[in-house]
Amino acid sequence: MIACALTVALTRQAVAKPEDNHARLISEVTAITPGRPFWVGIYLQTARGWHTYWRNPGDSGSPTDVQLKLPAGWKASPVYWPAPVRIDLAGTVSYGYEKPTLLLMRLTPPDKPLGRHVDLRGRVRWLTCTAEVCVPAKGDLSLTLPVAKTNAGDHSWKELFARSLSSLPKPSKGWAGTASLEKGTIRLHLKCPGGESASYLFPIESGVLDQSRPQLFHRSPDGLDAELTVSEYAQHPPSRLRGVLLTNSANPTESHQSAITIDIPITNP
């Protein structure tokens, strides 16, 4: 009887439906202060077994598109994307998120009276997929916040914003690199300040690297070397290598993994 109950529970978990995936606009604050920036996020609630896509979706898929309609005088940053994961489905490799994800934007209201409250509006389009099916989705975004003399943190989302902000790819401060292209292979050399190791490079532009080929990173006397295969669909030889690099701590007792951004010109020997 117990075995039957477990089977039914697992079956129900595995048949999550497209409508179980949602998107909503949330804020790190509960009140807006004129002239003071704050973070908002598009929270993609992804059901078990489904995934969404990074800014470069890889071999298939499409990135989430966010369009905010802000009041006059407001400024918005580009979307800040968390580091993705590599999703390999029968040799088709995509970059995306297999768990609920927060896409971040920094908003700056004008430094003038804003009234009693502010309405933030927008639209989001995204693609959710399983190994068998993909379903496009879209939704209207809305959020109304009061105006106050000080920004008040929204404690219901505090942990999510803190975790998401801390996990964003960081600039590669202290790192230096060179890259050269030879016979369809990019030879990458990185000088890393803390003796870190690397596990994967997610290219920001599509059609640069062959996602299906392994990335071979190994230690060198002063850093890291890697061999990366150029995509056979590249329309022209790449001139820059821009991406998010997953790194691992040099301390063998730590299992912490972080992400840095790199932007390196590619030379042709």
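These numbers come from the heavy atoms of this one structure, side chains and all, not from hydrogens, waters or symmetry mates. Here, residue 1 is the first one in the sequence, and each next residue gets the next number.
Although no hydrogens or angles enter the test, the distance criterion places no donor-acceptor pair under 3.5 Å between the side chain of D225 and the main chain of H218.
A disulfide (SG to SG under 2.5 Å) check over residues 32-122, counting only residues at least two apart or in different chains, returns nothing.
Hydrophobic cluster membership is shared by L68 and V29, with clusters built from Ile, Leu, Val, Met, Phe, Trp and Tyr side chains linked at under 4.5 angstrom. Residues I204 and V85 are members of separate hydrophobic clusters, defined by side-chain heavy-atom contacts under 4.5 angstrom among Ile, Leu, Val, Met, Phe, Trp and Tyr. Two different hydrophobic clusters hold I87 and V93 under the rule that ILVMFWY side chains link at heavy-atom gaps under 4.5 Å.
Look at E227 and R187 and you find a salt bridge, because one of the NZ, NE, NH1 or NH2 atoms lies within 4.0 Å of a carboxylate O, short of that distance.
Atom CZ of R240 has more than 12 neighbouring heavy atoms from other residues, nucleotides or ligands inside a 6.0 Å radius. Heavy atoms of other residues, nucleotides or ligands lying less than 6.0 angstrom from CZ of R24 number 12 at most. Shown here is K170, whose NZ atom has more than 12 heavy atoms of other residues, nucleotides or ligands within 6.0 Å.
Among V124, T128, V79, L127, the one residue that satisfies the side chain to side chain contact (heavy atoms under 4.5 Å, CB included) test with T64 is V124. Applying side chain to side chain contact (heavy atoms under 4.5 Å, CB included) to L201 and the options L246, L241, L190 leaves one that passes, L241.
Considering CG of D65 and CG of L103, their distance stands at 11.0 Å, rounded to 0.5 Å.
The closest side-chain heavy-atom distance from R86 to F202 is below 4.5 Å.
Applying the 4.5 Å side-chain rule to ILVMFWY residues, one finds that Y233 remains a lone member of its cluster.
A donor and an acceptor atom, one from each side chain of T46 and N21, are nowhere located under 3.5 Å apart.
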